[in-house]
*Asks:* 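Encoded as structure tokens, here's the structure I'll be asking about.
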Number of protein chains: 2
Amino acid sequence: MRLSNLADYAVVMMCQAARHCGGGRISAGELAQETRLPVPTVQKLVSRLTGAGLLRSVRGAGGGLQLARPAAAITLVEIIEAVEGPIALTTCVEGGECPADAECRVRPHWPQVNQAVRGALAGISLAALAREKEIA
Amino acid sequence: MRLSNLADYAVVMMCQAARHCGGGRISAGELAQETRLPVPTVQKLVSRLTGAGLLRSVRGAGGGLQLARPAAAITLVEIIEAVEGPIALTTCVEGGECPADAECRVRPHWPQVNQAVRGALAGISLAALAREKEIA
DNA sequence: TCTAAATCAGACCAATACGTTCCGATTACG
DNA sequence: CGTAATCGGAACGTATTGGTCTGATTTAGA
């Protein structure tokens, strides 16, 4: 039940991008510098985030990144799933196989648990994360 | 955001133990046979679950395992944390270090996210998981 | 039209963590 | 006192992750 480091970094990057959203585009290099993250790592994350439709990139000289949607319309679940793939607590949720096979009496309950976790993460928007020090 | 296999197995084991709870104790070997899990794996899980106070074991000849508490009083969070350790989505939640260090503006929000996930898992009891095919 | 700058996409390598298995120590029943 | 069964820790092999690098594509500016 731990988030991968890349997903953690992706959230930090998106928050930083949200802060620059008013100022137009921001280059990947600047983003790396401001977040203290290695440049190649930022590039890798940008690839996945743009592929998921969360980030919009303008190529060529003078290009850069910007949010594809308003920060309030981007949720934590989307960022995490863009980096880590679909959230599936157990392998059997997505067609995997259990040793217990068909006799597993717990399997019918896993989708319910899965949705509970997804719901908790879907209730948090990027705009809320970018706000400064709101503990409540 | 995936659950480790051991945690998954632990849930299956606990459900099976809950079904035998009325019949008194059950040996680790029987538990392994009924869940189709390797015996050494079951032993390792039993170690952690008893250490966490979820399972009670009687040693010696004719011994076995049984739930330390009623199934309704055991939640999914307890089982997962007994196997995987405390739930911490990010390393910084538990005193770890970020590359972004003190400048990280997202860190104040992580405990809130962490609690949301924990809450989702704490709302599901072992008794609910042991019930047969309740999709709702 | 040409040069230069910056991003995108893919493959590669190292490292950490996970899963599994095995063996010795302890304890209770007969 | 002997037997049986569990508990605890240690070690191995595997797999996923994290991080890096190189080549290809695209655009602005001269």
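Just so you know, these numbers use all the heavy atoms, side chains as well, and skip hydrogens, waters and symmetry mates. Chain identifiers are assigned alphabetically (A, B, ...) following the order of the sequence lines, protein sequences preceding nucleic acid strands; residue numbering begins at 1 within each chain.
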*Asks:* Out of dA5(C), dC7(D), dT20(D), which nucleotide sits closest to the side chain of Lys44(A)?
*Replies:* dT20(D)
*Asks:* Base, sugar-phosphate or nothing for Pro40(A)? Non-hydrogen atoms, less than 4.0 Å.
*Replies:* base
*Asks:* If you pin Pro38(A) and Glu84(A) to their nearest nucleotides in DNA chain D, which one's is more 5'?
*Replies:* Glu84(A)
*Asks:* For the backbone of Met1(A) and the side chain of Glu84(B), can you confirm whether one donor and one acceptor N or O come within less than 3.5 Å of each other?
*Replies:* yes
*Asks:* Can you tell which of dC8(C), dC7(D), dG19(C) lies closest to the side chain of Asn5(B)?
*Replies:* dG19(C)
*Asks:* OP1 or OP2 of dG18(D) less than 4.0 angstrom from a side-chain nitrogen or oxygen of Tyr9(A), does that happen here?
*Replies:* no
*Asks:* Just how far, in rounded Å, is P of dT17(D) from CG of Leu6(A)?
*Replies:* 9 Å
*Asks:* Taking CD1 from Ile26(B) and C1' from dT6(D), how many angstroms apart are they, rounded to a whole number?
*Replies:* 15 Å
*Asks:* Okay, side chain of Arg48(B), backbone of Val83(B): is any donor-acceptor separation there less than 3.5 Å?
*Replies:* yes
*Asks:* If I take atom OG1 from residue Thr41(B) and atom CG from residue Leu6(B), how far apart are they, to the nearest 0.5 angstrom?
*Replies:* 7.0 Å
*Asks:* Ignoring hydrogens and geometry, is there a side-chain-to-backbone donor-acceptor pair from Gln115(B) to Gln112(B) under 3.5 Å?
*Replies:* no
*Asks:* Which nucleotide, dT6(D), dT27(D), dC8(C), lies nearest any side-chain atom of Ala61(A)?
*Replies:* dT27(D)
*Asks:* Starting at atom CE of Met1(A), determine the distance to atom C1' of dC18(C), rounded to an integer number of angstrom.
*Replies:* 17 Å
*Asks:* Need to verify one output field. Residue with the more 5' nearest nucleotide on DNA chain C, Gly60(A) or Arg48(A)?
*Replies:* Gly60(A)
*Asks:* Check this one for me: any side-chain N or O of Ser57(B) less than 4.0 Å away from OP1 or OP2 of dC7(D)?
*Replies:* yes
*Asks:* What is the distance from CD of Gln43(B) to C1' of dG9(D), rounded to the nearest Å?
*Replies:* 13 Å
*Asks:* Please tell me which of the listed nucleotides, dT21(C), dA9(C), dT6(D), lies nearest to the side chain of Thr41(B)?
*Replies:* dT21(C)
*Asks:* Check every atom of dC7(D), dA9(C), dG18(D) against the side chain of Ser4(A) and return the nucleotide holding the closest atom.
*Replies:* dG18(D)
*Asks:* With DNA chain D as reference, determine whether Arg59(B) or Gly62(A) sits nearer its 5' end, using the nearest nucleotide of each.
*Replies:* Arg59(B)
